[in-house]
Amino acid sequence: MKALMKEKNREKLRNAIERTLQSEMDYEWLGNIYLKLSTYPTHSIRAKIANQIWSMKSAFLDENVLATLQVFKEDANQEVQAYAELLEEKINWSYHQWLSNLDGIGTSPLVYDQKRIIHVYKDEGAWIVEIEGKDLEQRYSSKEKLLDEFKLNGLTIEQVWERRALL
């Protein structure tokens, strides 16, 4: 990624950024890359980074990286500013807003216990919970059953939400 930044090939850089959505990786490293790219001269790259952080990566990044929110808010590009507003809203979501997001798009990550990610999503009529780094998948016939029956170290999904690092 650093080589692509130096090369200044926007298309290759955009493609590399897109691939980060589909890969497990060192999020500290990724956060540092995002910090550098948050002030990249090309607005489309800054918008791509803001979109990535908003869409999925906010759950994985530490507070220093999320401080880029201020950089995005002050960006000259309206698209970047819009993602900053969406990200700020998402950071401040309540548990009920998170549940609504599940209803709306059928998937939402949740962070627990030092950045361990819990993926909650709907697939083929079942609600599924996967915990990153564990070979574990729990299936529930309804969202209500998931909310009532799921436990992680004795905690319900709502209690996990309350202890989250950041959605």
Side-chain angles (χ1 to χ4, degrees), residues 1-2 4-5 8-123 127-132 143 146-147 157-167:
M1 188 83 72
K2 288 180 184 180
L4 290 175
M5 288 171 25
K8 297 192 182 196
N9 183 322
R10 288 182 292 194
E11 192 58 36
K12 284 183 181 178
L13 190 54
R14 268 197 295 274
N15 290 335
I17 293 166
E18 189 64 34
R19 284 193 305 271
T20 66
L21 262 181
Q22 299 145 5
S23 308
E24 285 187 31
M25 60 184 52
D26 176 349
Y27 293 111
E28 186 175 337
W29 172 85
L30 181 64
N32 288 327
I33 296 297
Y34 281 0
L35 281 172
K36 288 177 182 151
L37 290 173
S38 69
T39 57
Y40 197 80
T42 306
H43 81 274
S44 63
I45 297 297
R46 295 190 314 274
K48 190 69 144 168
I49 292 302
N51 173 287
Q52 289 263 326
I53 293 172
W54 169 74
S55 64
M56 287 295 285
K57 299 302 184 185
S58 62
F60 310 99
L61 302 174
D62 69 21
E63 298 79 29
N64 293 330
V65 176
L66 293 176
T68 60
L69 180 60
Q70 192 60 36
V71 172
F72 291 149
K73 284 169 115 175
E74 295 169 358
D75 198 285
N77 182 270
Q78 288 182 340
E79 183 181 10
V80 175
Q81 291 172 6
Y83 280 120
E85 289 175 23
L86 291 169
L87 178 57
E88 188 170 44
E89 180 182 302
K90 189 176 189 181
I91 288 170
N92 295 311
W93 269 357
S94 70
Y95 173 69
H96 296 290
Q97 286 171 305
W98 181 77
L99 287 177
S100 293
N101 187 60
L102 277 178
D103 289 332
I105 62 170
T107 183
S108 198
L110 178 61
V111 175
Y112 173 76
D113 189 31
Q114 299 178 1
K115 307 260 185 217
R116 187 167 25 158
I117 308 304
I118 302 169
H119 297 278
V120 180
Y121 59 95
K122 189 174 185 178
D123 186 38
W127 285 91
I128 300 166
V129 177
E130 292 179 347
I131 300 173
E132 191 173 280
K143 186 173 88 171
L146 179 150
L147 298 175
I157 209 85
E158 186 170 6
Q159 291 167 326
V160 169
W161 170 264
E162 290 167 0
R163 291 180 52 171
R164 78 196 190 284
L166 176 68
L167 176 65

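Hydrogens, waters and symmetry mates play no part in the numbers below; they use all other heavy atoms, side chains included. Position 1 is the first residue of the sequence; numbering continues from there.
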*Asks:* Rounded to the nearest 0.5 Å, what's the gap from NZ on K143 to NZ on K122? Could you check?
*Replies:* 9.0 Å
*Asks:* Quick one: closest heavy-atom pair of N77 and V80, and the distance?
*Replies:* OD1-N, 3.1 Å
*Asks:* If you round to the nearest 0.5 Å, how far is OG of S38 from CD1 of I45?
*Replies:* 12.5 Å
*Asks:* Enter the distance from N51:CG to E79:CD here, rounded to the nearest 0.5 Å.
*Replies:* 8.0 Å
*Asks:* Kindly compute the distance separating NE2 (H96) from CD (E158), expressed to the nearest 0.5 Å.
*Replies:* 6.0 Å
*Asks:* Judged by atom type as modelled, is there a donor-acceptor pair below 3.5 Å linking the side chain of R46 to the main-chain atoms of T39?
*Replies:* no
*Asks:* Side chain to side chain contact (heavy atoms under 4.5 Å, CB included) for I49 and F72? Distances and angles first, verdict last.
*Replies:* CA-CA 10 Å; I49 292 302; F72 291 149; 3.8 Å; yes
*Asks:* If you round to the nearest 0.5 Å, how far is CG of L37 from CD of Q52?
*Replies:* 10.5 Å
*Asks:* Can you tell me if E85 and Q81 form a side-chain donor-acceptor pair at under 3.5 Å?
*Replies:* no
